[in-house]
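Accompanying notes for the structure given below.
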Number of protein chains: 2
Amino acid sequence: MAATLSSLAKETGFSVNTVSRVLRGDKNISAKTTQLIKKAAEEMEYIPNYIAGSMRRKETKTIGVISADSSNPFFAEIILGIEETAKKQGYHILLMNTEENPENECAALKILQARQVDGLISMPVYNDEHVMALYEKFPHPYLFAGRKVLGLEKHAILFDDARTTHDLTQRFIKKGHRRILYITGPAMVSNTFDRLYGYVYACIKHNLPINRSYIIKSGGHIKDGYKAVDKALKKGLEFTAVICFNDLVAAGVLRALNEQKIRVPEKIEVAGCDNLDIAKYLTPALSTLEVPKHRLGEKAVLELIEHIKDKDRPYKTIYLKTRMMFRESTLND
Amino acid sequence: MAATLSSLAKETGFSVNTVSRVLRGDKNISAKTTQLIKKAAEEMEYIPNYIAGSMRRKETKTIGVISADSSNPFFAEIILGIEETAKKQGYHILLMNTEENPENECAALKILQARQVDGLISMPVYNDEHVMALYEKFPHPYLFAGRKVLGLEKHAILFDDARTTHDLTQRFIKKGHRRILYITGPAMVSNTFDRLYGYVYACIKHNLPINRSYIIKSGGHIKDGYKAVDKALKKGLEFTAVICFNDLVAAGVLRALNEQKIRVPEKIEVAGCDNLDIAKYLTPALSTLEVPKHRLGEKAVLELIEHIKDKDRPYKTIYLKTRMMFRESTLND
DNA sequence: TTGAAAGCGCTAACAT
DNA sequence: ATGTTAGCGCTTTCAA
């Protein structure tokens, strides 16, 4: 069957130990021995059993990744950043999706632990108590990417959601908008709360009454944006601007407005968030917040590895820079 | 530290073996013993070391997944299908991206082997000889999802690319189109060849001369579609229909035509492929081929598991059904 | 520079 | 119904 250290040892006449050390590039081996063993390894097509090594070394060089929905382009991009960076650092990833379901998240946490991941990068639900409890006693380093968990904010790498929505809302208000629709993201996700907070805060600051019917719940998908606006229009709601939880929602909004022949941005201004690839190719091109998704994944891995190397390294919240991209869906000066 | 079987054995006074069997739900254990041990396990927060078990059992319940680019919504959806189905079947996934680079694919293949995956689902490059050689001697069951490798077609689960593009092209020709632009996908990917073949075949069949300048190479991304049409327009190329390798390309095409105020579908008909979520929300809504992406992932896992269970199970190419969705970007009857 | 021995945590084969 | 023994393939002492 497959070659093992011991079959190589038998073949070459050296001990298992020596073979192991040669193949791991250990020093203190004669050049001749090294050459002999390497040649035999090649001939016998030796491939190390990483599992056995992991078990012995008590590290798997595996990073667990918990995502809400890896088919969402926003997460997909983050995960790609994670995977690429991990690979460069000699790690690999074990990916699990939760579909925003706390029970799935609990299960994932246990499985990743059983599979002995060295660390964890998660996009968690917000404040489910079971989930929180599991994170708190998770025995390996962990980081939250782009989302946070109540009480564990120090583990998070974030964008400043609240500030961003605040700034955008304020900008709209200053331009004279008085009826600004806000379409939220999925329940139980920290960004949904933070971004909504930014909107509300800006309204209050500028004495704009908060009208509940202008805050429309959504699951953060294209169809949600479409339905939200479609319904708002049918209800006869009047508004001159729409701020969307993300670009997917905004894409749906654009479509709904377009169907009703409502011109964007002349009649209604629309802004998204995330700057997905598609944003700039929509018609009109979407004004949105550029958030460094790939970079978030990369940063999360690099930071996590530091924590893996030094278990005493203190955690602290990290914020990544973002930048508004004003395109055609808003009126710009 | 973390509880192990032997620490549980010490605690309860039973042997390691008994503890192991209780926790795995083995029969032939007295109810009292079961209860005692389960309680102790809970109290000591025992989490099995899956790595150790894997090594002993010589199966990891892990499926390796090789994707070209998991941030591409098409692959992302397939991978989601893989992950969900695998989880249901007690498997988990190790995800690696190749960026369509054969060298990365070779490296991935070796790493997955070292990590002792039980099987592999891959979206491979087309016919790189090193890659092919590695698949041929890959010691575990493997399947190709949505793509194929020359000489290993039996391992593939596919959509009938050639036929689909053929039918679509033929449809356009029958409607009177004489200048049909075809925008290809990335080099080295089987679908690129097969879909192009369908286009060419339909042209030949209907005595439409193949004009090389109407076949435009692209990498399969939005910006490629945009650039392709932008360039074609600037070159003064005349055409009345565009068939795109996929929906991303088509989205770019739509945008480019829109910028030039060329009306779709009245002046130019456009069709994509894949039916991404976004397709139906573009303006105009994109006519495209619905391919069951999630289902492809699911089918690949279920089929792979059959091969894992029965190493002698013969491989055979599987085709999944697709369906054209005619929406606003084409003139329909 | 090399080898012998121990053992990571688990499961499987065989005993009792 | 439970325990004993062996060993998966590797790395890590420790000794020579």
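The analysis underlying the following values was restricted to heavy atoms, covering all of them including side chains, and did not include hydrogens, waters or symmetry mates. Keep in mind that this is a model prediction, so the values were computed, not measured.
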Does a donor on one side chain and an acceptor on the other come within less than 3.5 Å for A:Y135 and A:S122? yes
Can you tell me how far C1' of D:dA1 sits from CG of B:D26, to the nearest Å? 11 Å
Verdict with supporting geometry, A:H140 and A:Y142, ring-ring contact (aromatic ring centres under 6.0 Å, His included): CA-CA 6 Å; A:H140 306 284; A:Y142 61 93; over 10 Å; no
Kindly say if A:K58 contacts the phosphate of C:dG9, meaning a side-chain N or O under 4.0 Å from OP1 or OP2. yes
B:L36 CG - D:dA1 P separation (whole Å): 16 Å
Rounded to whole Å, CD1 of B:I37 lies from P of D:dA1 at a distance of 13 Å
Presence of A:T4 side-chain N/O under 4.0 Å of D:dG9 phosphate oxygens OP1/OP2: no
After noting the C-alpha distance and the side-chain angles of A:E298 and A:E84, does the key distance pass the side-chain contact (heavy atoms from CB on, under 4.5 Å) rule? CA-CA 8 Å; A:E298 180 188 359; A:E84 284 183 10; over 6 Å; no
Check the distance between D:dC10's P and B:Q116's CD and give it to me in whole angstrom. 8 Å
Looking for any heavy atom pair under 4.0 Å, which part of the strands does A:R24 touch: base, sugar-phosphate only, or nothing? base
Any B:Y46 side-chain N or O less than 4.0 Å from OP1/OP2 of C:dC10: yes
When we call it a touch if two heavy atoms are under 4.0 Å apart, what does A:Y50 touch: a base, just sugar-phosphate, or nothing? nothing
Which residue lies toward the 5' end of DNA chain D, A:R56 or B:K27, if each is placed at its nearest nucleotide? B:K27
How many Å lie between CG on A:L5 and P on D:dC10, as a whole number? 4 Å
Students often get this wrong, so: under 4.0 angstrom with heavy atoms, is A:S20 touching a base, only sugar-phosphate, or nothing? base
Side-chain N,O (A:R21) to OP1/OP2 (C:dT1) below 4.0 Å: no
With a cut-off of 6.0 Å (strictly less than), are more than 12 heavy atoms of other residues, nucleotides or ligands near NZ of A:K87? yes
Counting any heavy atom closer than 4.0 Å, what does B:T33 reach on the DNA or RNA strands: base, sugar-phosphate only, or nothing? sugar-phosphate
Indicate whether OP1 or OP2 belonging to D:dA1 is found under 4.0 Å from a side-chain N or O atom of B:N28. yes
What is the distance from CG of B:L23 to C1' of C:dG9, rounded to the nearest Å? 13 Å
Does D:dG3 have OP1 or OP2 under 4.0 Å away from a side-chain N or O of B:T18? yes
How is A:I29 classified with respect to the nucleic acid when contacts are heavy atoms under 4.0 Å: base, sugar-phosphate, or nothing? sugar-phosphate
Quick one: label B:N49 by what it contacts on the DNA or RNA (base, sugar-phosphate, nothing), any heavy atom closer than 4.0 Å. sugar-phosphate
If you go through the side-chain atoms of B:N17, does one of them form a donor-acceptor pair with the base of D:dT5 closer than 3.5 Å? no
What integer distance in Å separates A:K10:NZ from D:dC10:P? 13 Å
Counting only heavy atoms from other residues, nucleotides and ligands, does the tally under 6.0 Å from CD of A:Q35 exceed 12? no
Please determine whether the number of non-hydrogen atoms from other residues, nucleotides or ligands lying under 6.0 Å from atom NZ of B:K32 exceeds 12. no
Given C:dC8, is OP1 or OP2 found less than 4.0 Å from the side-chain N or O atoms of A:R57? no
Just how far, in rounded Å, is P of C:dC10 from CD of B:E59? 16 Å
